[in-house]
J.: 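One structure coming up, written as structure tokens, with questions to follow.
Just so you know, these numbers use all the heavy atoms, side chains as well, and skip hydrogens, waters and symmetry mates.
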Amino acid sequence: MSDEKTIKFQSSRFGEQEVSAVSVITLIGGLIGFPDAKQYVLLDYNPPFSWLHSITAADLAFVVVNGAEFGEHYQVPLPKNDTELDLGDNPDYAIVNIVSVRPQPSPTTVNLKAPIIVNLKNMKGRQIVIDSPHCPARFPLWSDESKKESEEKEKK
Amino acid sequence: MLVITRKPGESVYIGDDIKISLQGIRGNQVRIGIDAPSDVRIYREEIYLQILEENQSAADVSSTPPSDLGDFAAAWKSSKKGKLQELAKVKDDTSDDEEDS
């Protein structure tokens, strides 16, 4: 008897999707500005990017990136006193950051100021706000160096 | 909106769990103390609005985001551990937050 329960949901971008029930993330309070949509899944897109897709609102989805990609200087203060998120003393968690895609030529940026912390033990998450000038809400995806490197690779 | 006048040292309760205290006045700034359960989130309005705006604009993404995401993903894969622009190297000119004491 299979206990791999799946959930189906509608995506206005991708059509009907089916995912395993245990992969559903519950964002406590939803996202700032979207308080009613609390249940999401991560869909593969193009590593290191994924889609954070609502399973209750068909057109609500965000491109996200793993916060670990920003190196050791991106320190996210863990909300250890958050009883609902319940990270505990030995937390198993992931940090996901929302990517803001703008019409060219505006730069694509990542929101380092409001990361989403996901407790991998209970699959609950919360978008927190880091009130620090070192964590901008619009962190450019490309530095001049990495863009040059990528352009040079394409020429070869 | 309920508007209440308080003197420094006086407080207001919001429900049973949140207490706002007027700590003092310095020039044109008012110091506000907030006692709330640790999972109640407290934001300065301008920060809250900034995140709100950023989330809303990020939600407005098409199913085929522009090529620079694809370019980056390709570069990331080919360098195997290619990093996004590391935080330490960035000159932060995108934030206008003040540093509170």
Side-chain angles (χ1 to χ4, degrees), chain A residues 12-14 28-29 31-34 45-49 59-63 65 69-74 79 81-85 98-104 107-114 126-129 131-143 145-146 149-150 153-154, chain B residues 17 32 34-101:
Chain A
S12 61
R13 292 171 177 83
F14 309 117
I28 303 160
L31 290 172
I32 294 169
F34 301 93
Y45 164 45
N46 201 350
F49 303 105
D59 52 3
L60 185 60
F62 302 86
V63 176
V65 66
E69 294 293 330
F70 298 102
E72 57 188 14
H73 294 280
Y74 183 43
N81 292 329
D82 185 335
T83 51
E84 264 199 273
L85 190 60
I98 294 178
V99 177
S100 294
V101 170
R102 292 186 179 79
Q104 302 283 356
T108 299
T109 61
V110 181
N111 189 343
L112 297 182
K113 191 165 217 71
R126 200 193 274 281
Q127 183 174 38
I128 66 161
V129 176
D131 198 353
S132 157
H134 299 295
C135 294
R138 294 183 179 183
F139 183 72
L141 189 63
W142 291 103
S143 65
E145 287 169 23
S146 61
E149 268 176 43
S150 149
K153 276 183 188 155
E154 276 172 31
Chain B
D17 299 328
I32 303 171
I34 305 170
D35 271 319
S38 54
D39 47 10
V40 170
R41 290 170 293 173
I42 299 166
Y43 310 113
R44 288 182 291 162
E45 181 186 33
E46 59 274 23
I47 308 278
Y48 180 83
L49 292 178
Q50 188 187 24
I51 303 305
L52 179 69
E53 190 197 312
E54 207 56 40
N55 280 353
Q56 285 173 337
S57 111
D60 194 21
V61 56
S62 81
S63 58
T64 52
S67 61
D68 71 339
L69 278 181
D71 290 347
F72 181 79
W76 185 85
K77 279 176 209 156
S78 72
S79 70
K80 287 204 173 124
K81 59 155 208 163
K83 281 198 163 51
L84 289 172
Q85 181 180 195
E86 279 199 31
L87 192 61
K89 291 181 189 158
V90 175
K91 260 189 220 152
D92 185 61
D93 58 3
T94 54
S95 171
D96 50 17
D97 292 342
E98 64 215 32
E99 195 77 63
D100 283 331
S101 56

J.: Would you indicate whether B:Asp60, at its atom CG, is surrounded by more than 12 heavy atoms from other residues, nucleotides or ligands within a distance under 6.0 Å?
T.: no
J.: Roughly how far, to the nearest 0.5 Å, is the CD1 atom of A:Ile32 from the CD atom of B:Glu53?
T.: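 Taking CD in B:Glu53 and CD1 in A:Ile32, the distance rounds to 13.0 Å.
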J.: Looking only at atom types and distance, does a side-chain atom of A:Arg13 sit under 3.5 Å from a main-chain N or O of B:Val61, one as donor and one as acceptor?
T.: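 Yes, the answer is positive, given that a donor and an acceptor are paired below the 3.5 Å cut-off.
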J.: Can you tell me how far CD of A:Gln127 sits from CG of B:Asn55, rounded to the nearest 0.5 angstrom?
T.: 4.0 Å
J.: Do B:Ile47 and A:Lys113 come close enough that some side-chain heavy atom pair is under 4.5 Å?
T.: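 The answer is yes, as the side chains (C-beta and beyond) meet within the 4.5 Å cut-off.
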J.: Heavy-atom distance under 4.5 Å to chain B: side chain of A:Ser12, backbone, both or neither?
T.: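 Looking at A:Ser12, nothing touches chain B.
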J.: Using non-hydrogen atoms and a 4.5 Å limit, figure out which bit of A:Ile28 sits close to chain B: side chain, backbone, both or neither.
T.: backbone
J.: Taking every non-hydrogen pair under 4.5 Å, which of A:Asp59, A:Thr83, A:Leu60, A:Ile128 racks up the most with chain B?
T.: A:Thr83
J.: What part of A:Asp82 gets closer than 4.5 Å to chain B, counting heavy atoms only: side chain, backbone, both or neither?
T.: both
J.: Applying side chain to side chain contact (heavy atoms under 4.5 Å, CB included) between B:Glu54 and each of A:Thr109, A:Ile98, A:Val110, report the one that passes.
T.: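 It is A:Thr109, the one option of A:Thr109, A:Ile98, A:Val110 that forms the side chain to side chain contact (heavy atoms under 4.5 Å, CB included) with B:Glu54.
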J.: Work out which heavy atom in B:Tyr48 is nearest to a heavy atom in A:Gly33; give both atom names and the distance.
T.: OH-N, 4.5 Å
J.: Please classify the contact of A:Leu31 with chain B as side chain, backbone, both or neither, using a heavy-atom distance under 4.5 Å.
T.: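 A:Leu31 touches chain B through backbone and side-chain heavy atoms alike.
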